[in-house]
*Asks:* 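Here's a structure for you.
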Protein chains: 2
Amino acid sequence: MIESEESPAVAELLKAFSHPTRLMILQELLAGPKCVTDMEDLLTARQANISQHLAVLRYARLVDYAQDGALRCYYLARPQLVRDMLALVGRDDPVVKRTPEAIKAEKERLNKAQQTQATHKPAKNRGRRDKAKR
Amino acid sequence: MIESEESPAVAELLKAFSHPTRLMILQELLAGPKCVTDMEDLLTARQANISQHLAVLRYARLVDYAQDGALRCYYLARPQLVRDMLALVGRDDPVVKRTPEAIKAEKERLNKAQQTQATHKPAKNRGRRDKAKR
DNA sequence: TGCGAATCTACGAATATTCTAATATAACGA
DNA sequence: TCGTTATATTAGAATATTCGTAGATTCGCA
């Protein structure tokens, strides 16, 4: 359950993932630590650009680096998160299609459950739609 | 394993998730189908804006709708994907910190494993760094 | 100390995203 | 048909992202 106050932070994290080059970087790092030059060979992009993307990933706390002389060896700061994310988006989920009838039925069902439980606002109809029914 | 040709498509999908309002919409839809007006009540955003975000989600095949008279009941087209994504980003993963020594050790290990397996390019060092050592 | 390699940052142009206001469209009921 | 409700689309301004070029930084070494 994501609270509305934290939803911007979550969106930020997802944004860090949302770029082809950054995705490739994360995938490379899944295989083991790499320095920027390694990535340059692997990733049709200029060094400066890779550095910029790494800065984004660092800010999102997805990667970090260990300095080794002149080299910076980047590694995944949250490897399990990255692994699961790549698996999730690589997955091929079935797309469901629902009929208006099925939807209506589900709404009824939800309404009923909500009323018996009396959680939160029963909210039969409010706002604009109240006026509509006058 | 995400191939580089599909990484733009994957990035697109992630971008669809990467907005606070869209995240909230998806979360609401997890509880059941809703029409735009329902969301308007729930989501401090104007109707036009919600419609725009729904268009993005529709294009990403994350949602679809069933028409019910003048209403459009939106629902999740890939509920499991959305459920798993929200769980994943809501999760609190430990952030690992690694020393230069540990990194160096891992690189050695990976190199060794790679050589015995003789997968792909052994790639001791190439490109710019070859010249460097001359 | 000075050089070259590895990497980062600053800046600006091109492009994309987001939001609002206004308008368009579609369905329903009187 | 007309008015009203629900929703979508358009247009434009504000903002953010992306990428290249150029110039800084930092490190190890001769």
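Computed from heavy atoms alone, side chains included, the values below leave out hydrogens, waters and symmetry copies. The chains referred to below are lettered A, B, ... by the order of the sequence lines, with proteins before strands, and numbering in each begins at 1.
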*Asks:* Once salt bridge (charged side-chain N to carboxylate O under 4.0 Å, His left out) is applied, what residue pairs with a partner in residues 43-66 of chain A remain, sequence neighbours excluded?
*Replies:* A:Asp64-B:Lys97
*Asks:* Kindly determine whether B:Phe17 and B:Leu62 satisfy side-chain contact (heavy atoms from CB on, under 4.5 Å), including the steps that lead there.
*Replies:* CA-CA 9 Å; B:Phe17 277 100; B:Leu62 286 175; 3.7 Å; yes
*Asks:* Between B:Lys107 and A:Asp68 (salt bridge meaning N to carboxylate O under 4.0 Å), is one present in this structure?
*Replies:* no
*Asks:* Taking CG from B:Leu23 and P from C:dT18, how many angstroms apart are they, rounded to a whole number?
*Replies:*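 B:Leu23 atom CG is separated from C:dT18 atom P by 11 Å.
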*Asks:* Can you tell me how far apart CG (B:Leu26) and CG (B:Leu57) are? Round to the nearest 0.5 Å.
*Replies:* 5.0 Å
*Asks:* For the pair A:Leu14 and A:Met85, evaluate side-chain contact (heavy atoms from CB on, under 4.5 Å) and give the outcome as yes or no after the intermediate values.
*Replies:* CA-CA 10 Å; A:Leu14 282 162; A:Met85 179 63 78; 3.9 Å; yes
*Asks:* Round to a whole Å and report the spacing from OH of B:Tyr65 to P of C:dA27.
*Replies:*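 Going from OH in B:Tyr65 over to P in C:dA27 covers 10 Å.
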*Asks:* If I take atom CG in residue B:Leu54 and atom P in nucleotide C:dC19, what distance separates them, rounded to the nearest angstrom?
*Replies:*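 Answer to the nearest Å: 13 Å.
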*Asks:* Short question: side chain of A:Glu28, backbone of A:Met39 - any donor-acceptor pair under 3.5 Å?
*Replies:* no
*Asks:* When you check the phosphate oxygens OP1 and OP2 of D:dC19, does a side-chain N or O of A:Arg46 lie under 4.0 Å from one of them?
*Replies:* no
*Asks:* Both B:Ile50 and B:Lys15 contact DNA chain D. Which one's nearest nucleotide lies toward the 5' end?
*Replies:*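 The 5'-side residue here is B:Ile50.
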*Asks:* What's the spacing between B:Glu106 CD and B:Arg98 CZ if we round to 0.5 Å?
*Replies:* 4.5 Å
*Asks:* Return the value, rounded to whole Å, for the distance between atom CG of B:Asp64 and atom C1' of D:dT7.
*Replies:*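 Computing the B:Asp64:CG to D:dT7:C1' distance gives 15 Å.
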*Asks:* Which atom pairs link the protein and nucleotides 9-13 of chain D when you take only N or O atoms and keep those under 3.5 Å?
*Replies:*
residue	atom	partner	partner atom	Å
D:dT10	O4	B:Gln52	NE2	3.1

*Asks:* Measuring to OP1 and OP2 of C:dC19, would you say a side-chain N or O of B:His19 lies under 4.0 angstrom away?
*Replies:* yes
*Asks:* How many whole angstroms separate atom CD of B:Glu12 from atom P of C:dA16?
*Replies:*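 Between P of C:dA16 and CD of B:Glu12: 11 Å.
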*Asks:* So does B:His53 get a side-chain nitrogen or oxygen closer than 4.0 Å to the phosphate oxygens (OP1/OP2) of C:dT17?
*Replies:* no
*Asks:* Using modelled atom types and a 3.5 Å cut-off, is there a donor and acceptor pairing between side-chain atoms of A:Arg22 and backbone atoms of A:Lys15?
*Replies:* yes
*Asks:* With a 4.0 Å limit, can you tell me whether A:Tyr74 has a side-chain N or O closer than that to the phosphate oxygens OP1/OP2 of C:dC8?
*Replies:* yes
*Asks:* Any protein N or O atoms within reach of nucleotides 24-30 of chain D? Criterion: under 3.5 Å, listing atom names and distances.
*Replies:*
none

*Asks:* Go through it in stages, so that I can follow the logic: the residues are A:Asn49 and A:Gln52, the test is side-chain contact (heavy atoms from CB on, under 4.5 Å), and I'd like the CA-CA distance, side-chain angles, deciding distance and then a yes or no.
*Replies:* CA-CA 5 Å; A:Asn49 194 12; A:Gln52 289 161 343; 3.4 Å; yes
